Engineer: 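I am attaching a structure below and will ask some questions about it afterwards.
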Amino acid sequence: MIPFEHYEQSAAYLREKLGDFQPEILMILGSGLGQFGELVEDPILVPYGEIPHFRHSTAPGHKGRFVFGCLEGRRVAVMQGRVHLYEGYTPEEAAYGVRVMKLLGVKRMIVTNAAGAVNLSYKPGQIMLISDHILLFPITPLKGPNEDRFGVRFPDMSTAYTPALRALAKAAAVEVGVPLNEGVYMYFPGPQYETPAEIRAARLLGADMAGMSTVPEVIAARHCGMEILGFSLATNMAAGILDQPLTEEEVLECGEACKTQFSALMLNILKRM
Ligand code: HPA
């Protein structure tokens, strides 16, 4: 279990760096989506490696730094890159940044990821608003003694993805003309992509997208009382749907190809938040 003091020391370092800038919304950018961070006005850049106790991201398409600043009048903390369990981190380590942001006073989180489309009506490039998730693996950032300073022992997950924010996101999508489906994200630990049989099972269970991130951060954010919005970008059809192998290149290329739509949607959401 990570000592509470580590979170405090990371937060203290950032407070010092940020002066009187107080972030209100945390945005975590998934594979291929990191470019959105370049839009931040008057950015204060803080590489994860500089922050005491902070974990580095080693995944492709993840820069590994915070961009603090303003977007559409909102004060944001953008994480360009996150850490994943397949890099060898624990779920608690994967959620570390969320808790540090909580200590900085952040109350809302927008979390994004690249994912494989499980729903056969989706196509690569589809953005999905996450309504709920499925976690069948025995992983959680909350394992071990409960840290009461973050939240309760048994947090309720029934409306983890905040209904009012989801309604706001749908209205924002209509206004900018970005097709947005709402659906269920299913977590797989990776780094191997899923098998076709696993994807068929996911579909039977009610999943619309499959991916290797987001859920640890969402659990930690829910635990400490943040409001949450989550988005998956379908970078590929999940395993076994098309007669072709899955590659990391297609994931990053799709992020690049979809960045205009993705950015338009995120900016309009921030404006309305
Ligand atoms: N599965 C899991 N994670 C992913 C995928 C996928 O098909 N595509 C991008 N991230």
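Read the numbers this way: they start at 1 and go in the same order the structure lists the ligands and their atoms. Only this structure's heavy atoms are used, side chains among them; waters, hydrogens and symmetry mates stay out. Since this is a predicted model, take the numbers as computed values, not measurements.
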Engineer: Going by ring pair (Phe, Tyr, Trp, His ring centres under 6.0 Å), name the residues that satisfy it together with Phe21, two or more places apart in sequence or in a different chain.
Structural biologist: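 In terms of ring pair (Phe, Tyr, Trp, His ring centres under 6.0 Å), with neighbours along the sequence ignored, Phe21 is linked to no residue.
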Engineer: Could you tabulate the donor-acceptor pairs under 3.5 Å formed by side-chain atoms of residues 69-78, not counting sequence neighbours?
Structural biologist:
| residue | atom | partner | partner atom | Å |
| --- | --- | --- | --- | --- |
| Arg74 | NE | Glu24 | OE2 | 3.3 |
| Arg74 | NH1 | Met273 | O | 2.4 |
| Arg75 | NE | Gln22 | O | 2.6 |

Engineer: Hey, is Asp156 close enough to Arg222 for a salt bridge, meaning N to O under 4.0 Å?
Structural biologist: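 Looking at Arg222 together with Asp156, the answer is yes, because their closest N to O distance falls below 4.0 Å.
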Engineer: Among side-chain atoms of Tyr7 and Arg99, is any donor-acceptor pair under 3.5 angstrom?
Structural biologist: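 Yes, side-chain donor-acceptor contact under 3.5 Å.
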Engineer: Residues two or more places apart in sequence or in another chain: which of them pass salt bridge (charged side-chain N to carboxylate O under 4.0 Å, His left out) with Arg149?
Structural biologist: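 Residues passing salt bridge (charged side-chain N to carboxylate O under 4.0 Å, His left out) with Arg149: Glu147.
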Engineer: I'd like to know whether the aromatic ring centres of Phe66 and Phe54 sit less than 6.0 Å apart in this structure.
Structural biologist: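 Under 6.0 Å, so yes.
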Engineer: Write down, by chain and number, every protein residue that brings a non-hydrogen atom to less than 4.0 Å from an atom of ligand 1.
Structural biologist: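 Residues near ligand 1: Ala114, Ala115, Gly116, Tyr193, Glu194, Ala210, Gly211, Met212, Thr235, Asn236, Leu246, Val251.
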